Protein chains: 2
Amino acid sequence: MSDEEDTGRAADVMVRRIALSIQTGELKDGQTLPAERDLMEQFGLSRAVVREAVATLSNKGLIETRPRHRPVVRKPGYDTAFGALESIVTCLLQEQGGVKNLFDTRIMIEAMLVREAAKNAGKSDIAALKAALDANQETVEDSDAFYLTDTEFHRVLYQIPGNPTLPALHRAYTSWLAPHWSKMPRLPERNELNYQSHLAIFEAILMRDPDAAEAALRAHLSEAWLQVKETFGDL
Amino acid sequence: MSDEEDTGRAADVMVRRIALSIQTGELKDGQTLPAERDLMEQFGLSRAVVREAVATLSNKGLIETRPRHRPVVRKPGYDTAFGALESIVTCLLQEQGGVKNLFDTRIMIEAMLVREAAKNAGKSDIAALKAALDANQETVEDSDAFYLTDTEFHRVLYQIPGNPTLPALHRAYTSWLAPHWSKMPRLPERNELNYQSHLAIFEAILMRDPDAAEAALRAHLSEAWLQVKETFGDL
DNA sequence: AGCTCAACTTTGGTCCGACCAAAATTCACG
DNA sequence: CGTGAATTTTGGTCGGACCAAAGTTGAGCT
């Protein structure tokens, strides 16, 4: 009665066994899995099952497969996690209110982030924020460059708490919302307004005023949402 | 030059085509996919490739497969999204600081939630919170029941903003942290303390005092984290 | 006609053996 | 010793086959 999970499809059993080996560290990051033909011998299964299992593990992000190369164990990072959501999020964004639901969570998260920053940001955090802000100002005239420095400013916010999940979340947000964001008209005057918003947020953080920081952030993102709604009639 | 994405493995092409059909609504929720043998004819591919594609789509949560049944298109909900993360999160929780990273995000989220509640909770929200709180108090003596009402109280917090992603996030949190949580000692006296924490949060929300609500929530969850750290030596 | 249960069909799960192309490896030859 | 061709490895694809369980059909009984 050692193994209680021999149930289900053979491929699933195999996936569980290998996934467990990875999770327990028995298979370390970077290590290569045996070739498919070796795996079918080790597990006593057909190649079809082995291939399905390997494909499943690859989909789950636990291994990395390249044509004509052995699968490489890849202990997943936080980005891998969000990456696995891509197709499903694409679906969710399509339906009524999907984009707004996602964007609302972003507003909530960033509202919290600026509060945290106002309360706990250290000297280096402030410096990073200032640097991002300056770069932001310098690119007001170049909309493409501004988009990058804009993203970078927000990224710094996600980085301040020192929790690795947050920068990954930021990358996920920018990636998922990019289709809408990139289609929006970009004008130097809009950039200037956005820069002013960033400046207001920064100053509130500098003043150690969480409420002001949150208010500025909410105003900033709410304005951004209005622009999105203006560009896309639907929600 | 209509289809630009015929590249990559045949199974991937097939996955993209079907995923696109689902995302565009061409294949609606609940609709059944053709049988594997029909798909191999439609796509002109071998059954092995078809099976791999179907398995991949199933892993992504876009379809639902049952033995001896045709795949059912399943327009994924927010829970499906978090469900797809299970194995990868299991990996992330295993590594150094993984649990703390996740729990910290939970603290941040719930801190924001109680602030929102204090600012914007409607009458029905307050009533739901009160009901959950009362149920919580009544189960102080029964640790198993208390665990449920405890979870329920927090769930109401995630429900108040009306964003469907949040309840799904709550379910994900409870599911992912359950292994650690359920192993913790449960005592009526601890339950009582937790109830008092909930009460403090509730009263702060009632008073429309976001700062007090956040402080109470942070005290509550920080205490919970201390208990976790006490039970598990590692982080 | 209505119902029951056995026979048949469908369908996913599994296995086998085979071929291909590209990459890695080996090795003979200059 | 270096180099390029032959060999091996390996993932990707194919076709056919069998099984078991679910659904479907239909004959026979009431």
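Order of the sequence lines fixes the chain letters, A, B, ..., with proteins taken first and strands second; residue numbering starts at 1 for each chain. Source: prediction; values computed, not measured.
Here B:F103 pairs with B:W225 under the ring pair (Phe, Tyr, Trp, His ring centres under 6.0 Å) rule; sequence neighbours left out. In this structure B:D125 satisfies the salt bridge (charged side-chain N to carboxylate O under 4.0 Å, His left out) test with no other residue, sequence neighbours excluded. Qualifying salt bridge (charged side-chain N to carboxylate O under 4.0 Å, His left out) partners for B:E36, counting only residues two or more places apart in sequence or in other chains: B:R47, B:R51. When the salt bridge (charged side-chain N to carboxylate O under 4.0 Å, His left out) test is applied to A:E26, no partner is found at least two apart in sequence or on another chain.
Salt-bridge formation is not detected for the pair A:R16/A:D12: no Lys NZ or Arg NE/NH1/NH2 atom is positioned less than 4.0 Å from an Asp or Glu carboxylate oxygen. Between B:E110 and B:R106, at least one side-chain nitrogen of the basic residue sits less than 4.0 Å from a carboxylate oxygen of the acidic one, meeting the salt-bridge criterion.
In this structure, the CD atom of A:E52 is 13 Å from the P atom of C:dG12, given to the nearest Å. Between B:R66 atom CZ and D:dA21 atom C1' there is a gap of 13 Å when expressed in whole angstrom units. Distance, B:R9 CZ to D:dG11 P: 12 Å, rounded to whole Å. Between A:L39 atom CG and D:dT10 atom C1' the separation is 12 Å, expressed in whole Å. Rounded to whole angstrom, the span from the CZ atom of A:R70 across to the P atom of D:dG12 amounts to 14 Å. The nearest whole Å value for the distance from the CZ atom in B:F43 to the P atom in D:dC14 is 13 Å. The CZ atom of A:R51 sits 8 Å away from the P atom of D:dG11 (whole-angstrom rounding).
Within the structure, no pair that satisfies the ring-ring contact (aromatic ring centres under 6.0 Å, His included) test touches residues 42-63 of chain B, not counting sequence neighbours. Within the structure, side-chain hydrogen bond (donor to acceptor under 3.5 Å, both in side chains) contacts touching residues 81-94 of chain A (residues at least two apart or in different chains) do not occur. Pairs passing the side-chain hydrogen bond (donor to acceptor under 3.5 Å, both in side chains) check and including a residue from residues 53-65 of chain A, sequence neighbours excluded, read A:T56-B:N59, A:N59-B:T56, A:E64-A:R74.
Note on B:P71: only backbone sugar-phosphate atoms sit closer than 4.0 angstrom, heavy atoms only; bases stay farther off.
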Let me have a per-nucleotide readout for nucleotides 15-25 of chain C, 5' to 3', with B, S or -, counting only protein heavy atoms under 4.0 Å.
B--BB--BSS-
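Contacts of residues 54-62 of chain A with DNA chain D (heavy atom under 4.0 Å): none.
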